[in-house]
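We count residues from 1, following the sequence as given. Since this is a predicted model, take the numbers as computed values, not measurements.
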Amino acid sequence: MPAPAQVFQIVAVDPRGVGLSGKPRGGYDTGTLARDMVALMDALGHQRFALVGHDVGMWTGYALAADHPGRLDRLVVAEAAIPGLSPAPPLFGGHEADERLWHFAFNRLTDINEQLVSGREQLYFGSQFATKSAKPLPGHAVQHYVDMLAGDPEALRCGFEFYRALDTTVAQNQERRTRRLSLPVLAIGGAENLGASVGETMEAAADDVESLSLPGSGHYPAEETPEAMLSALTAFLAPYRDARPAAGVPVRGHEPQRSPVPPLRRGATAPESGPYAP
């Protein structure tokens with residue numbers, strides 16, 4: 001994040017249940033997650049912003065763009081299908097699809113998943129990182145994520161809550177898809193994982209979609225192909241950057257930050273979504 005931080009104020013968000021944020025019992029549907037994001041940016045003094053979301057952050061980014069259309073200038077999403085918008089896979093799919101998607105059903109279980117994974121976090125989450133990437137991720141980063149999940153039973157529970165809330169999220173998305181997005185959207189897929197299907201998902205909901213498949217990347221483009229990811233973000237966000245007001249001249253939607261809220265710290269897990277504000 002250091003390079004884009006030279007031209008943007010970056011808020012690297014730990015959503016509810018993740019990292020340093022609170023871990024409530026409910027509110028993991030994307031409508032609530034989007035409202036959380038809007039409330040955060042209100043507290044920080046940003047009426048309009050751009051948002052970059054990966055995985056569950058892509059789910060949240062779509063919800064925010066659809067439910068709060070006046071808040072986003074641009075949206076970048078990466079490496080996810082969106083339940084209720086993307087086609088649902090068959091129950092008896094091919095082996096490759098099962099290997100990629102089996103965790104969805106497992107993560108939605110009520111209790112047994114926590115009992116099975118507790119004490120085996122390295123096995124479960126280590127496998128997820130290893131099988132979804134096209135190249136090995138840095139071992140220290142994977143270990144950090146695993147340690148934070150293993151060190152707090154509430155963190156483990158919350159990791160499953162986003163999936164347990166999918167019935168609500170799916171119903172919300174089926175309603176959202178009746179209202180097409182008009183803002184510019186950049187859809188990024190790792191060529192070794194979801195690839196062009198990320199763009200196809202967003203084209204089902206938005207009119208102005210740019211699709212990009214990054215060679216050599218699996219599910220984690222920011223970690224696997226950071227230079228290509230940064231180049232794509234820089235080019236796509238340039239019009240937003242260039243439209244910001246001159247220093248010291250506030251314009252509606254680009255007011256300088258006056259909130260006493262301290263700068264957010266990056267939490268224990270990679271941020272699934274994060275707004276960019278000038």
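- Proximity of Phe49 to Gln9: side-chain heavy atoms (C-beta onward) are nowhere separated by under 4.5 Å.
- Taking every heavy atom of both residues into account, Ser213 and Gly190 meet most closely at OG-C, 4.3 Å.
- Heavy-atom minimum distance, Ala196 versus Ser211: O-OG, 4.1 Å.
- Both Val146 and Leu116 are part of a single hydrophobic cluster, where members link through side-chain heavy atoms under 4.5 Å apart.
- Under a 3.5 Å cut-off, the side chain of Gln128 and the backbone N or O of Gly126 do not form any donor-acceptor pair.
- Considering only heavy atoms from C-beta on, Tyr62 stays 4.5 Å or farther from Val185 through its side chain.
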Could you walk me through whether Phe104 and Leu166 satisfy the side-chain contact (heavy atoms from CB on, under 4.5 Å) test, starting with their C-alpha distance in whole Å, then the side-chain angles of each, then the deciding distance to 0.1 Å, before giving a yes or no? CA-CA 10 Å; Phe104 269 82; Leu166 279 178; 4.3 Å; yes
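- With hydrogens and angles disregarded, a donor-acceptor distance shorter than 3.5 Å links the side chain of Arg164 to the backbone of Thr110.
- Residues satisfying the side chain to side chain contact (heavy atoms under 4.5 Å, CB included) criterion with Ser197, sequence neighbours excluded, are Leu194, Glu200.
- With hydrophobic clusters built from ILVMFWY side chains whose heavy atoms lie under 4.5 angstrom apart, Val170 does not share a cluster with Ile82.
- A salt bridge is defined here as a Lys NZ or Arg NE, NH1 or NH2 lying under 4.0 Å from an Asp or Glu carboxylate O, and Asp67 with Arg35 fails to meet this definition.
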Show, in sequence, the C-alpha distance, side-chain angles and deciding distance for His219 and Glu79, and conclude whether the side-chain hydrogen bond (donor to acceptor under 3.5 Å, both in side chains) test is met. CA-CA 6 Å; His219 182 57; Glu79 270 296 307; 2.9 Å; yes
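- Of the possible polar contacts, one joining the Asn173 side chain to the Pro83 backbone as a donor-acceptor pair under 3.5 Å is found.
- Put simply, the side chain of Gln172 gets close to the backbone of Gly31: a donor and an acceptor are under 3.5 Å apart.
- Side chain of Arg71 to backbone of Leu64: no donor-acceptor contact under 3.5 angstrom is found.
- Judged by distance alone, with hydrogens and angles left aside, the side-chain atoms of Asp29 form no donor-acceptor pair with the main-chain N or O of Ala165 at under 3.5 Å.
- Across all their heavy atoms, Ala205 and Leu85 have their closest contact at CB-CD2, 3.7 Å.
- Residues Lys132 and Asp55 are not in side-chain contact: their nearest non-hydrogen atoms beyond the backbone lie 4.5 Å or more apart.
- Residues Arg157 and Lys23 come closest through the heavy atom pair NH2-O, 3.0 Å.
- Rounding to the nearest 0.5 Å places CZ of Arg74 at 14.0 Å from CG of Leu51.
- In this structure, the side chain of Glu224 engages the main chain of Tyr220 through a donor-acceptor pair within 3.5 Å.
- Using modelled atom types, no side-chain atom of Thr30 and backbone atom of Trp59 make a donor-acceptor pair closer than 3.5 Å.
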Show the numbers, then the answer: is there a side-chain contact (heavy atoms from CB on, under 4.5 Å) between Arg25 and Glu154? CA-CA 9 Å; Arg25 300 298 301 182; Glu154 285 297 280; 3.7 Å; yes
Under 3.5 Å, which donor-acceptor pairs link side chains of residues 89-102 to any protein atom two or more places apart or in another chain?
residue : atom : partner : partner atom : Å
His95   : NE2  : Glu99   : OE2          : 3.4

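- Of the inter-residue distances, the one linking His54 atom NE2 with Thr60 atom OG1 reads 12.5 Å to the nearest 0.5 angstrom.
- The aromatic rings of Phe162 and Tyr28 stand perpendicular to each other, their planes meeting at an angle above 60°, with 30° marking the opposite boundary.
- The heavy-atom pair separating Ser21 from Pro15 by the smallest distance is CB-O, 3.4 Å.
- Residue Asp208 comes nearest to Ser182 through the heavy atom pair CB-O, 4.2 Å, listed as atom of the first residue, atom of the second, then distance.
- Remark: side-chain polar atoms of Arg48 are paired, donor with acceptor, to backbone N or O of Gly70 under 3.5 angstrom.
- Using bins of under 30°, 30° to 60° and over 60° for the plane-to-plane angle, the ring pair Tyr124/Phe160 lands in the tilted bin.
- Rounding to the nearest 0.5 Å places CG of Asp207 at 4.5 Å from CZ of Arg180.
- Hydrophobic clustering of Ile, Leu, Val, Met, Phe, Trp and Tyr side chains at less than 4.5 Å, counting indirect connections, keeps Leu123 apart from Ile112.
- Atom CD1 of Ile188 sits about 4.0 Å away from atom CE of Met229, to the nearest 0.5 Å.
- At a threshold of 4.5 Å between non-hydrogen side-chain atoms, the residues Leu181 and Pro69 do not count as touching.
- Here the side chain of Ser118 pairs no donor or acceptor atom with the backbone of Gln115 at under 3.5 angstrom.
- Annotation: the span from Lys135 atom NZ to Thr225 atom OG1 amounts to 6.5 Å, rounded to 0.5 Å.
- Atom CD of Gln174 sits about 11.0 Å away from atom OG1 of Thr169, to the nearest 0.5 Å.
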